Amino acid sequence: MARTPHDLLRARVGAAVASAFGDDVEVPEPLVVPTTDPRHGDYTSPVAMGLARALGRAPHELAQRLADALEVSDLAEPPEVVRPGFVNLRLHPRWLARRVGELAGDGRLGVEPATAPTRVVVDYSGPNVAKAMHVGHLRSTIIGDSVANVAELLGHDVERVNHVGDWGTQFGMLIAHLDDVGYRGVEGRSASLAEIEDLYRAANARFAADDAFRQRARQRVVELQSGDPETHSAWRWLVALSMAENQAVYDLLGVHDLVVRGESTYQPMLAEVVADLEAAGLVVVDDGAKCVFVEGFTNAEGEPLPLIVQKADGGYNYDTTDLAALRSRAELGAGRVVYVVDAGQSQHFQMVFAVARMAGWLPDGVEATHLAFGLVLGEGGRRLRTRSGDSVRLVDLLDEAVQRARRFVVERAEERGEPVPADVDEVARVVGVGAVKYADLSQHRQSNYVLSFDRMLSLKGNTAPYLQYAYARIRSILREAGWADGLPGEPPAVTLDEPQELELAKRLVVTGDVVHRVAEDYLSNHLCTHLFEVAQTYHQFYEHCPVLRSPEPLRSSRLALCAVTAATLRLGLGLLGIEVLDRI
RNA sequence: GCCCCUGUAGCUCAGUUGGACAGAGCGGCUGCCUUCUAAGCAGCGGGUCGCAGGUUCGAGUCCUGCCGGGGGCGCCA
């Protein structure tokens with residue numbers, strides 16, 4: 001049983017409705033909502049207004065009956081019935097104080113495990129072989145990693161899968177081109193990804209212009225698919241080089257446990273996938289291609305739009321691969337499969353999910369979700385590009401953020417006449433990368449996201465540096481008090497006499513609600529807002545309530561508030577994949 | 001042409017399954033560093049929630065239409 005105020009009040013109001021109006025009334029949702037205006041208390045129940053019509057009574061009267069039946073004296077002030085028919089609830093300081101004391105000894109900060117843990121596959125990042133990761137992969141990686149973190153905290157069996165683009169017709173031309181420029185049989189040599197990208201561009205150009213080359217490229221695809229050793233080893237060389245370079249990005253981002261299971265993984269299953277679809281009577285041959293038509297999807301001419309599962313030339317495409325991957329994941333026991341892929345693919349995923357359901361590969365209990373996200377835009381509101389028009393490489397973007405953070409730390413030290421900290425590189429990395437991640441995650445996932453170094457590193461407002469700074473400040477106090485390694489024994493009694501203490505406690509107590517909400521809607525910006533509010537409320541507390549200078553037992557009570565705040569920030573930022581520092 | 005997303009303060013954006021007088025941050029202006037990190041805090045200004053209808057006790061939120069922005073639309077992934 002969750003013990004967040006929202007959950008508790010929901011249960012109490014539910015019980016009160018049953019006792020006041022009988023079990024058979026249909027209870028209008030929501031039972032309780034947080035208020036927007038503190039004058040209305042902390043939470044309010046609008047159910048009386050929802051019941052007014054069904055029961056043929058005035059809302060105000062029903063609200064009064066509800067309030068009379070409501071048993072909340074242990075956690076809230078007496079309910080207040082107001083105007084149209086709201087029942088307002090204000091949390092009792094004593095309850096809040098006790099709850100904060102409990103959180104001080106709770107590593108989960110009141111985040112209860114999921115009631116029905118399942119296997120969750122999170123498919124994210126998905127870079128392409130022979131291409132440097134660019135900003136498009138940034139959001140997928142950052143968002144996907146956070147989704148996985150949240151699911152993990154709730155006790156799900158989480159699998160982080162990197163569906164790398166390591167297969168396809170493009171390898172035919174690339175390998176054919178390698179032959180011509182002297183790369184044949186030189187798998188031992190090293191090459192930068194930039195070099196490979198140049199080769200890729202050149203291959204592309206030739207493929208478009210040269211018939212003979214096109215023929216050889218196609219031949220190479222056939223050889224690759226049939227497992228020809230020489231072709232295969234060239235392919236493996238490309239994959240290995242690409243992934244080695246990507247690894248640097250993952251290291252910088254602090255992304256771990258991401259298991260590569262690329263498109264090539266599913267090659268052996270494709271023929272069977274198509275055969276099974278045919279056996280199920282779902283396949284229609286159209287212009288030589290094997291198609292599955294899905295109701296409700298049309299093309300630009302208004303004609304039915306198919307998912308093409310086998311091309312006219314016999315080859316497979318990513319529709320087939322994604323079907324095979326989804327089927328495989330369901331077979332391996334996934335209860336939920338989450339795809340973190342840009343919004344441009346949403347029709348594709350809708351169709352893949354639909355076909356998988358038609359084929360019976362996705363039982364009703366298995367949930368497939370496309371977590372769509374918007375584009376990364378430059379400051380002008382256009383797609384982010386370099387001056388030369390290329391897409392921005394992820395390493396360059398992250399490096400710039402880290403460099404800017406470093407410059408700030410150095411400049412601040414100079415202003416204060418202090419030496420530059422010895423760990424300036426570490427601080428710069430944590431702050432710079434954290435800023436990039438937070439700027440993304442604090443934005444609504446579906447909207448296009450305007451990337452601005454100035455804003456994400458502005459160090460003021462709703463940014464990672466602000467939160468990291470708040471954390472470091474708290475840690476400084478805890479260190480001073482000897483609390484840095486944990487509580488000195490049992491959680492101390494907490495008192496909340498100052499308004500700033502009370503406000504802080506109210507924020508600290510709802511982390512469980514917030515995390516569970518984010519686990520459901522996958523909108524990390526709600527978690528960001530919560531952390532920002534916690535930090536902001538903490539800073540107000542910090543200004544008005546001395547901690548170390550206060551006499552006992554007030555000192556310990558305030559230290560407990562500090563400890564819970566620090567732990568909340570660390571937990572929350574951790575869920576976002578953002579590190580914290582004891583000193584900044 | 002069809003489908004999806006989107007339009008909220010000068011700028012960037014929040015706004016929980018419809019709930020009370022729409023909120024932040026940035027930028028602008030004014031104060032606060034012999035006191036636990038001023039990357040902070042306190043305060044002042046600023047919005048016909050794209051437009052028009054509709055549903056409802058109640059609409060930024062739901063429905064319809066229109067206007068503007070983004071993305072997608074059969075053998076690339």
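Keep in mind the model is a prediction, meaning the values are calculated, not measured. Just so we're on the same page: letters track the sequence lines, and every chain starts at 1. Atoms considered below: every heavy atom in the structure, side chains included; atoms not considered: hydrogens, waters and symmetry mates.
The side chain of A/Gln443 lies closest to B/C13, out of B/C21, B/C13, B/C36.
Pair assignment for B/A42: B/U30, on the basis of Watson-Crick or G-U wobble contacts that are both within less than 3.5 Å. Across the strands present, B/U35 finds no partner; the criterion is a Watson-Crick or G-U wobble pair with both atom distances under 3.5 angstrom.
Between A/Glu501 atom CD and B/C36 atom P there is a gap of 19 Å when expressed in whole angstrom units.
Contact of A/Arg479 with B/C36 (side chain to base): no donor-acceptor pair of N or O atoms is detected under 3.5 Å. A donor and an acceptor atom sit less than 3.5 Å apart, one in the side chain of A/Asp286 and one in the base of B/G74. The base of B/U37 is not paired with the side chain of A/Arg583 by any donor and acceptor separated by under 3.5 Å. Side-chain to base pairing of A/Asn299 with B/G74: one donor and one acceptor N or O lie within less than 3.5 Å of each other. No N or O donor and acceptor, one from the side chain of A/Arg455 and one from the base of B/U12, sit under 3.5 Å apart.
Put simply, A/Tyr469 does not rest on the base of B/G40: the two rings are not both less than 5.5 Å apart at their centres and under 30° in tilt. By the 5.5 Å and 30° criteria, A/His40 is stacked with the base of B/A20.
The ring pair (Phe, Tyr, Trp, His ring centres under 6.0 Å) with A/Tyr466 is formed by just one residue from the set A/Tyr438, A/Tyr471, A/Phe532; it is A/Phe532.
Counting any heavy atom pair closer than 4.0 Å across all strands shown, A/Gln540 reaches sugar-phosphate atoms only and no base atom. Nucleic acid contact for A/Asp582: base, since at least one base atom lies under 4.0 Å from a heavy atom of the residue.
Residues A/Cys545 and A/Arg83 both approach RNA chain B. Their nearest nucleotides, taken by heavy-atom distance, put A/Arg83 toward the 5′ side. Mapping A/Gln347 and A/Trp167 onto RNA chain B by nearest heavy atom places A/Gln347 closer to the 5' end of the strand.
A/Leu561 and A/Phe541 make their closest contact through CD1-CE1, 3.9 Å (heavy atoms, listed as atom of the first residue, atom of the second, distance).
Here A/Asp440 does not pair with A/Lys437 in a salt bridge; the nearest charged N to carboxylate O distance is not below 4.0 Å.
With 3.5 Å as the limit, one finds no donor-acceptor pair spanning the side chains of A/Thr537 and A/Glu533.
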